[in-house]
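Before any comments, here is the structure.
The structure presented is a predicted model; accordingly, all values stated were derived computationally and were not measured. Side-chain atoms are counted along with the backbone in the values below, which use heavy atoms only and exclude waters and symmetry mates. The chains referred to below are lettered A, B, ... by the order of the sequence lines, with proteins before strands, and numbering in each begins at 1.
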Amino acid sequence: MALLQPTSAISNLNHNSHALRRRLDSIASMSELRQYHSQVVRLGLGGNNDAAGRLLKFLALHPSGDLPYALRLLRLLPDPDPFLFNTLLRARALPPSAAASLLSRMLSLSLLPNRFTFPPLLPSASPSPSSSLPFALQLHSLLLKLGFFSDPFSQNSLLCFYLSCALPDVARRVFATAPRRDVVTWTTMISGLSRSGLVDEAREMFDVMPERNSVSWNAMIAGYVQVGRFADAFELFDRMRREGLRLDKFAAASMLAACTGLGALDQGRWIHENITRNGIELDSKLATTVIDMYCKCGCVEKAYEVFEGLEKRGISSWNCMIGGFAVHGRGEDAIELFKQMEREGATPDGITLLNVLSACAHSGLVSEGRYYFNYMIQASNIEPKMEHYGCMVDLLGRAGLLEDAKKVIDEMPMSPDAGVLGALLGACRIHGDVEMGERIGRTVIELDSKNSGRYVLLANLYAKAGRWEDVAEVRRLMNDRRVRKEAGRSVIEMNGEVNEFICGGMSHPQAREIYETVDEMLNRIRLAGYVPDTEGVLHDIGEQEKENPLYYHSEKLAIAFGLLHTKSSETIRITKNLRVCRDCHEASKLISRVFDREIIVRDRNRFHHFKDGKCSCRDYW
DNA sequence: TTAGGGTTAG
C-alpha cells in the first residue's frame, strides 16, 4: 500500500508535517488515536519514529491509553530509537517484568539507554526486593558504566529506588559518594529514611541540608505524621510558617492527617479554613483528607457537609464518608449512602463493601450485613478478601451468632489470619463461650504473638470465667515473650493544645485538681447508681482493691479535665488508643446525664456519643 | 524524566 502512495500526498504531508505533529500531540481518546494511527500508516509513516513516538505517548501515558497496543506498535517499528523505549518505560501500568524485557530488547538492538531511561526504569524494579534485587544491581552497574552517575535525575532515582526497597545502608553509601547533591537528593533521603522508620535520622539531614523547598518541609512533616509523631509534625509546621512558607495542598494534607491522628478538631478546622482562604483547590485527595479529619474528630455532620459540597466525588471520598458513618454507629446512613453511590453510577470497590459491612457490624444490622456480603459474592465483581470475612465474623459473632461466625471461617477459601480469628475470639469473650474462645485464643496468640491485645483478650476471657490460673499463665507467656500490655492513653484538645493522660498518671501540671474532680465526678454518679464494673481487671484480688485502677483510667482523667476547662454547654471530645472498657463506658453514660454534658469518645474502633445517660453504640461495641 | 498528600474490619 505504502508503495502506491501518490507522490503528491507525500509532499503534501511534508508540507503539513508540523500540523500533523500538533494533531498527534492532542489526541484525547482511543477512537481518535485509531483514526490518526491509520492515517499515519496511510501516509506511509508507519515506520516513522517521530509519528510513532507521539502515538506511543498517548497509548502508554494517557489514562485512557492502551498499553498492550503500545507494546505491539513498538514491536512493529523497523528501527526504533531510545526515546520510544523511554516513553513506554514511563507507563504506570507497565509490569516490572515488561520493563526488564524492554531494556533487554533495547540492548539487543544495540540501543544504549540514555539519561531518560533510568528514572522510569528503576522504580519498576522495586516492589519485591528479594526477587528484583539482582536486576536492580545490574541496572545500577549499567548506570555507572554508561556514566549517568553524575546525572542528577538518574542519581536521585537510584537513591529513591534503594530507599523504597528498604535498603537505607546502600542509599546512604550512594548519597555519601554522590558527585553532587541537589535539594531533590536531600529530600529523597528525608522521605525515604522516614518511610523506613528512621525519622530521627531524616530530621538530622533536614536540619543540615543546604537548601529547603516546600517539598522538603512537607516530606519531613509527613515523615512525622506517618509514624504518629504528631507533636513533632505540629512543631515543624509552625516553624515552616514562621520561615514564611505558605500552606500548600501537601502540607495541608499532612497536617490534616496529624489532626486526624490526634483527634484535634480545632486545629483541623483551622487547616480547613486556611485551605479555603488560601484558595487551595480541594481536589479529590485533599477533600477525602478533610472529610476523614471531620469524621475521626467526631464531627460526622460537618464531614457530610463537605462531602455533599464536592463537585466530583472520587471513590475514596465515598468510601471515607461511608466508613465515617460506620464508626459513628450510623449504619442506616452508611447503607443509604451506598445506595446513593450506586444510583449515581459510581463503582464500589472492595473498601466500599468493607465499610458497608463494618457499618452493619457496628450497628448490629445482622440481616443487612448478610445481604451485602451475599450481594458482594453474587452480584458484584468484588471478591471478598480476608478483611471482608473478618468483618462478617465480627458482625455475626458480636450478635451472639457464634456458630454462624465459625461457619463463615470454615467456608473461607483461604486460611483465616489472626485478625479473622481475633474477631471470633472477641465475640467469644463478649458472649462467654470459654470453650471456643480458648481454642481460638490459643491459635491467635501464636499467629500474632507480638500483639499484646490478643493476650489481653484471652486473659479477659479466662478472668470472666474465674479461671485465675489460666489468667496467670497467659501473663507469664506475655512476660516470657516480652510482650508488654499497651498502656491506655486518652487525649483531649483544649485551646489548640493537646493534653494526654495515662492511667494513674501524675505528670499533668494540674494533676491534683484533676484527681479531685474525678473523685467528685464518681461521688456524684454513685448517687445515680454507678457500680464499678471490675470484669476487665485481670487480677484475682478482692473486689475492693480491684476498683482502684478503674477510678483513674485515662479516660476518666480526660473527662475530668474536660469538665474543669469547658463551659457547661460544650461537648467534651476525647480520643483514646485502646477500646473503651466496660466500666468507663458505664461511668461516661452516667456522667453525661448527671453533668448534663455531651461526651464524644473515639476509641480504637469506633465512636461513642454519650448523651442523657445513653451511648450511641447502644452498648453494642 | 527524579523528591511531598487520600479511603481499609478487629
Run the side-chain contact (heavy atoms from CB on, under 4.5 Å) check on A/Ile335 and A/Phe325 step by step: do they pass? CA-CA 9 Å; A/Ile335 290 172; A/Phe325 280 135; over 6 Å; no
Report yes or no: is the ring centroid of A/Phe153 under 5.5 Å from the six-membered base ring centroid of B/dT2, with the two planes under 30 degrees? no
Salt-bridge contact A/Asp448-A/Arg454 (side-chain N to carboxylate O under 4.0 Å): yes
Between A/Lys406 and A/Glu411 (salt bridge meaning N to carboxylate O under 4.0 Å), is one present in this structure? no
In terms of side-chain heavy atoms of [X], which of [options] is nearest?
| X | options | result |
| --- | --- | --- |
| A/Ser191 | B/dG10, B/dA3, B/dG5 | B/dA3 |
| A/Thr188 | B/dG10, B/dA3, B/dT7 | B/dA3 |
| A/Leu354 | B/dT8, B/dG10, B/dA3 | B/dT8 |
| A/Thr187 | B/dA3, B/dT8, B/dG5 | B/dA3 |
| A/Ile351 | B/dT7, B/dA9, B/dG4 | B/dT7 |

When we call it a touch if two heavy atoms are under 4.0 Å apart, what does [X] touch: a base, just sugar-phosphate, or nothing?
| X | result |
| --- | --- |
| A/Ser284 | base |
| A/Arg398 | sugar-phosphate |
| A/Gly390 | base |

Using whole Å, report how far [atom1] of [X] lies from [atom2] of [N].
| X | N | atom1 | atom2 | value |
| --- | --- | --- | --- | --- |
| A/Lys285 | B/dG4 | NZ | C1' | 10 Å |
| A/Asp283 | B/dT7 | CG | P | 13 Å |
| A/Asp349 | B/dT7 | CG | P | 13 Å |
| A/Arg604 | B/dT8 | CZ | C1' | 16 Å |
| A/Met376 | B/dA9 | CE | P | 14 Å |

Should [X] be listed as having a side-chain N or O under 4.0 Å from OP1 or OP2 of [N]?
| X | N | result |
| --- | --- | --- |
| A/Gln226 | B/dG5 | yes |
| A/Lys296 | B/dT8 | yes |
| A/His362 | B/dG10 | yes |
| A/Ser254 | B/dG5 | no |

Is it the case that the base of B/dG4 and the side chain of A/Asp248 share a donor-acceptor contact (distance under 3.5 Å, atom types as modelled)? yes
Got a donor-acceptor pair under 3.5 Å from the side chain of A/Thr289 to the base of B/dG6? no
With side-chain contact (heavy atoms from CB on, under 4.5 Å) as the test, would you mind laying out the steps for A/Leu193 and A/Val199 before giving the verdict? CA-CA 6 Å; A/Leu193 290 171; A/Val199 208; over 6 Å; no
Do the two ring centres, one from A/Phe175 and one from A/Trp186, sit under 6.0 Å apart? yes
Only one of A/Arg241, A/Arg229, A/Arg203 passes salt bridge (charged side-chain N to carboxylate O under 4.0 Å, His left out) with A/Glu235; say which it is. A/Arg203
I need the single residue from A/Phe161, A/Phe148, A/Tyr162 that forms a ring pair (Phe, Tyr, Trp, His ring centres under 6.0 Å) with A/His140. Which is it? A/Tyr162
Taking the side chain as C-beta and beyond, is there a heavy-atom pair between A/Leu74 and A/Phe85 under 4.5 Å? yes
Heavy atom of residues 203-220 of chain A under 4.0 Å from DNA chain B: which residues? A/Asn213, A/Ser214, A/Val215, A/Asn218
